[in-house]
Amino acid sequence: MRELSFNQKQTIVKNNYKSIEKLDLAMLLIVFKKNFNFIADKAQLANNVFNQINNLIEIRNKYAHLNDEEDEDLLSQSFNGLMDDIEGT
């Protein structure tokens with residue numbers, strides 16, 4: 001939990017979250033990234049999955065701060081490109 005932002009920690013405490021299923025996407029991606037080596041070892045994930053997680057974090061952060069429809073189109077293109085990369089692995 002130390003890797004989460006102050007607000008994310010406050011959300012967990014305030015809502016008394018006891019399981020990972022309650023976390024939002026941003027929190028889940030951070031937890032996954034910070035624990036990647038352990039998860040990758042257990043799930044036998046390829047090394048490029050770490051880069052894909054970083055890309056998902058970047059896309060999620062952009063989506064959270066969209067300003068207009070043009071931004072949404074660029075974000076959609078980024079996400080579709082990432083999904084193509086994931087499916088190609």
Side-chain angles (χ1 to χ4, degrees):
M1 194 163 112
R2 70 177 183 265
E3 306 297 343
L4 300 175
S5 73
F6 177 78
N7 289 338
Q8 291 168 329
K9 289 176 190 176
Q10 291 295 94
T11 298
I12 290 171
V13 171
K14 177 183 171 190
N15 295 307
N16 198 28
Y17 290 164
K18 299 290 184 193
S19 68
I20 197 167
E21 289 88 9
K22 302 288 186 181
L23 301 181
D24 68 13
L25 179 60
M27 288 188 258
L28 287 171
L29 289 170
I30 290 169
V31 169
F32 192 93
K33 179 181 176 181
K34 297 300 180 181
N35 294 283
F36 179 78
N37 290 334
F38 176 78
I39 295 168
D41 184 50
K42 297 294 181 189
Q44 299 179 346
L45 299 176
N47 289 334
N48 68 336
V49 173
F50 185 78
N51 292 333
Q52 293 166 347
I53 293 300
N54 284 328
N55 289 339
L56 281 172
I57 291 169
E58 183 179 329
I59 289 169
R60 183 262 161 217
N61 289 342
K62 286 179 183 176
Y63 184 76
H65 303 285
L66 286 179
N67 292 324
D68 56 32
E69 193 172 309
E70 184 177 318
D71 285 347
E72 191 171 332
D73 290 341
L74 290 173
L75 181 62
S76 178
Q77 291 171 9
S78 296
F79 183 75
N80 289 336
L82 178 61
M83 294 309 295
D84 289 344
D85 289 346
I86 291 171
E87 291 171 357
T89 58

Minimum heavy-atom separation for Phe36 and Asn47, please, with both atom names. CZ-O, 4.4 Å

Roughly how far, to the nearest 0.5 Å, is the CG atom of Leu45 from the CD atom of Gln52? 9.5 Å

Roughly how far apart are Gln8 CD and Asp24 CG, rounded to 0.5 Å? 6.5 Å

Which atom pair, heavy atoms only, marks the closest approach of Leu29 to Ile53? O-CG2, 4.0 Å

So, do Leu56 and Arg60 sit near enough that their side-chain heavy atoms are less than 4.5 Å apart? no

Quick one: pull up CD in Gln10 and CG in Asn15 and give me the separation to the nearest 0.5 Å. 10.5 Å

With rounding to the nearest 0.5 angstrom, report the CG to NZ distance, Asn16 to Lys22. 10.0 Å

Output for pair (Lys18 NZ, Ile12 CD1), nearest 0.5 Å, gives 11.0 Å

Rounded to the nearest 0.5 Å, how far apart are CG of Asn37 and CZ of Phe50? 7.5 Å

